[in-house]
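What follows is a short report on a single structure.
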Amino acid sequence: MSEAKHQSKYIFVTGGVVSALGKGIASASIGLLLKSRGLSVTIQKFDPYLNVDPGTMNPFQHGEVFVLDDGAETDLDLGHYERFLSENLAQRHNVTSGRVYETIIQRERRGDYLGATVQVIPHVTNEIKSRLRMAESKNGEVDVIITEIGGTVGDIEGQPFLEAIRQMRLEVGDGNTLFIHLTLVPYIASAGELKTKPTQHSVKQLREIGIQPDVLLCRSPEPLDASVKEKIGLFCNVPPAAVISAIDVESIYEVPLHFNRQGLDDLICSKLGLSCPPPELAAWEKMVAKIMHPAKNVTIAIVGKYVNLHDAYKSIIESFVHAGVENDCRVETVWISSEDIRRDGAGKFLDSVDGLLIPGGFGERGVEGKIEAIRFVREHKIPFLGICLGMQCAVIEFARNVCNLTDAHSHEFHRELPYPVISLMADQKSVTDMGGTMRLGAYPCVLTPSSKSYHAYGKTQVSERHRHRYEFNNEFREQLEAAGLKVAGQSPDERLVEIIEVPAHPWFVGVQFHPELKSRPTKAHPLFREFVRAAVDYREKRLVRNVTKPENERKLS
Ligand code: GLN
């Protein structure tokens, strides 16, 4: 941009009517569209809840905790941002009320306010505004900063954030700020109509606090026709051209394409006075076409604790979509509760799948079922990927069933153990606080040449993100290696085992880190890509085997 003094443009995305309309995906899609027009873009989420970060929140409440390179434990929307924008974000890109108040209270205790009464306006709003600008100062001269405000308009705890963005428009000017509001336009079957009233109410609430939205994204089951757009425009004081349909789609990666077809990025650029070329979306379109029309199918079982809560495993699900693109296949995931495996045996569920993934987790519930599932796939040579706790369970299974270390287990679950093959890292022994104290963030991992992991990555050193307290216990390393477990990756000082493999198996890999956090739609994570490739190979053999079996023994394909 050519102004003498660089001025970043601010886009604020708010939501109304109900939560879970896809504000994160909408924000990420806008980011992708602007980036694909050659603009430099950064994106952040401000969450009004009082937790300092979501690291201490139950996945049932909050879904997956998305860990960044710098160890920040963040909202799962940051995962969408990284995936859509293909950028690595940092702690400053996810700010909560808890973090804002923590800073203010520490400052107050130090006496920094020099006797002033500390108030929401201006002290809290000033702190929010300085954090709104932080992404700008730390990222150098970015053209556009997109900020998503969590929650919905009308939430008590969201008020200081809305007040802060209202003040931002005053400070940086109309032409440098854009308010985008995502609402719901439901279809009422008995009336046979899309209804605009909830949107009208939501915008009314925003206007009451001094924010006039510039663009409305209307989530609806079908596109809004011209008359609906006109009506919404009239009642909400927005030109009909700035009323955009956000229809339900099969794949989240279609969303930016839908927005682009309705001229959203042109509209944003003209309102913000950004002159830039049209977007380069060819690679994105190709990726979406692959998702929609794959040539093959594979079925991967996921055995975990939160099998009914797929948001807890968001990045894993997305990683399978990306790996499917590179293998030209649709990855169907079947979710199996570890309790069911305990009750009915692993064979009932795993005989008809092409791979098993055990995700990360905490706590003992379900661990024995996971170990049983791992034993089944190891013995039946079904491709396996274990992530974090999943890798730890694979080590326990191998110790128990191959090395005959009866009752081998992890110190996470029992203190007194004959064979603690997974144990506490030395620097974790004195930790008492739960928040932000695990081994968090990106660490280097050196791969063992000739391992499957090395072939997948195609290089000897990689960087992967972690979130755990426990580790492979090196006291058992020699014994497990002698029995056929391969250490395929470790920390550069060789103290920490990061990847294990069973070379005698077609594809059996366990990783202490979380590869799902680094997978991107246009570049699948190498381990997910190769895992799915192994599952495709296994499926071909399984189906041939099935066809040659007598009718009554055939399993479904
Ligand atoms: N509970 C295990 C640990 O703390 C694994 C953590 C995880 O799977 N993220 O080491």
Side-chain angles (χ1 to χ4, degrees), residues 53-60 62-69 71-74 76 79 302-307 309 311-317 319 338 356-371 373-374 384-397 399 408-415 417 420-443 445 464-474 476 489-491 495-500 509-519 525 527-528:
D53 62 42
T56 51
M57 281 157 103
N58 185 331
F60 269 122
H62 196 268
E64 158 186 279
V65 173
F66 193 85
V67 180
L68 307 179
D69 276 347
E73 296 178 278
T74 71
L76 56 76
I302 301 180
V303 178
K305 189 150 86 171
Y306 303 106
V307 285
L309 184 84
D311 263 7
Y313 305 112
K314 191 99 221 155
S315 295
I316 288 177
I317 297 170
S319 300
S338 23
L356 168 70
L357 179 133
I358 307 269
F362 296 84
E364 192 179 11
R365 183 158 72 81
V367 162
E368 290 304 323
K370 291 175 191 175
I371 292 171
I374 295 169
F384 168 74
L385 177 59
I387 295 178
C388 209
L389 179 65
M391 174 264 204
Q392 297 174 356
C393 288
V395 172
I396 296 167
E397 190 280 320
H409 221 318
S410 162
H411 264 152
E412 179 175 1
F413 312 124
H414 297 284
R415 292 283 85 205
L417 284 175
V421 289
I422 303 294
S423 67
L424 205 56
M425 290 183 273
D427 48 3
Q428 285 286 335
K429 290 197 171 131
S430 58
V431 169
T432 51
D433 270 6
M434 293 312 274
T437 53
M438 283 184 265
R439 182 174 183 233
L440 287 166
Y443 287 92
C445 168
E464 293 285 2
R465 297 177 184 174
H466 296 247
R467 183 173 188 251
H468 62 113
R469 285 185 211 283
Y470 294 84
E471 279 288 350
F472 183 104
N473 185 347
N474 283 323
F476 296 91
Q490 51 192 334
S491 56
R495 281 180 51 227
L496 303 174
V497 171
E498 305 280 33
I499 311 180
I500 56 104
V509 178
V511 291
Q512 186 57 76
F513 48 80
H514 289 271
E516 73 275 21
L517 303 177
K518 300 260 291 232
S519 185
H525 190 284
L527 292 178
F528 272 88

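Everything quoted here is computed from the prediction, not taken from an experiment. In listed order, ligands and their atoms are each counted from 1.
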### Query
Is Met438 touching ligand 1 with its side chain, its backbone, both, or neither, if touching means heavy atoms under 4.0 Å apart?
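No part of Met438 comes within reach of ligand 1.
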#### Entry: Flag side-chain contact, heavy atom, 4.5 Å: Leu527 against Phe513
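Counting from C-beta outward, Leu527 and Phe513 do come under 4.5 Å.
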### Message
I'd like to check Arg439 versus Leu496 (side-chain heavy atoms, cut-off strictly below 4.5 Å). Are they in contact?
### Response
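Yes, side chains in contact.
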Report, in ascending order of atom number, the atoms of ligand 1 lying under 4.0 Å from any heavy atom of [X].
| X | answer |
| --- | --- |
| Cys388 | 5 (C), 6 (C), 7 (C), 8 (O), 9 (N) |
| His514 | 9 (N) |
| Gly360 | 8 (O) |
| Arg467 | 6 (C), 7 (C), 9 (N) |

### Query
How far is atom 2 (C) of ligand 1 from its nearest protein heavy atom, and which residue and atom name does that atom have?
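Heavy-atom neighbour on the protein nearest atom 2 (C) of ligand 1: Glu412 OE1, 3.1 Å.
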### Ile387, any N or O under 3.5 Å of ligand 1 N or O
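N/O-N/O distance under 3.5 Å: no.
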### Task
For Phe413, enumerate each residue passing the side-chain contact (heavy atoms from CB on, under 4.5 Å) test, keeping only those at least two apart in sequence or located in another chain.
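Phe413: side-chain contact (heavy atoms from CB on, under 4.5 Å) contacts with Glu364, Val367, Leu389, His409, Ser410.
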### Query
Among all residues two or more places apart in sequence or in another chain, which pass the side-chain contact (heavy atoms from CB on, under 4.5 Å) test with Thr74?
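Partners of Thr74 by the side-chain contact (heavy atoms from CB on, under 4.5 Å) criterion, ordered by chain and then number, come out as Phe66, Leu68, Ala72, Leu78, Asn94.
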### Message
Less than 3.5 Å apart, any donor N or O on the side chain of His468 or Glu412 sitting next to an acceptor on the other?
### Response
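Note: His468 and Glu412 side chains miss the donor-acceptor criterion.
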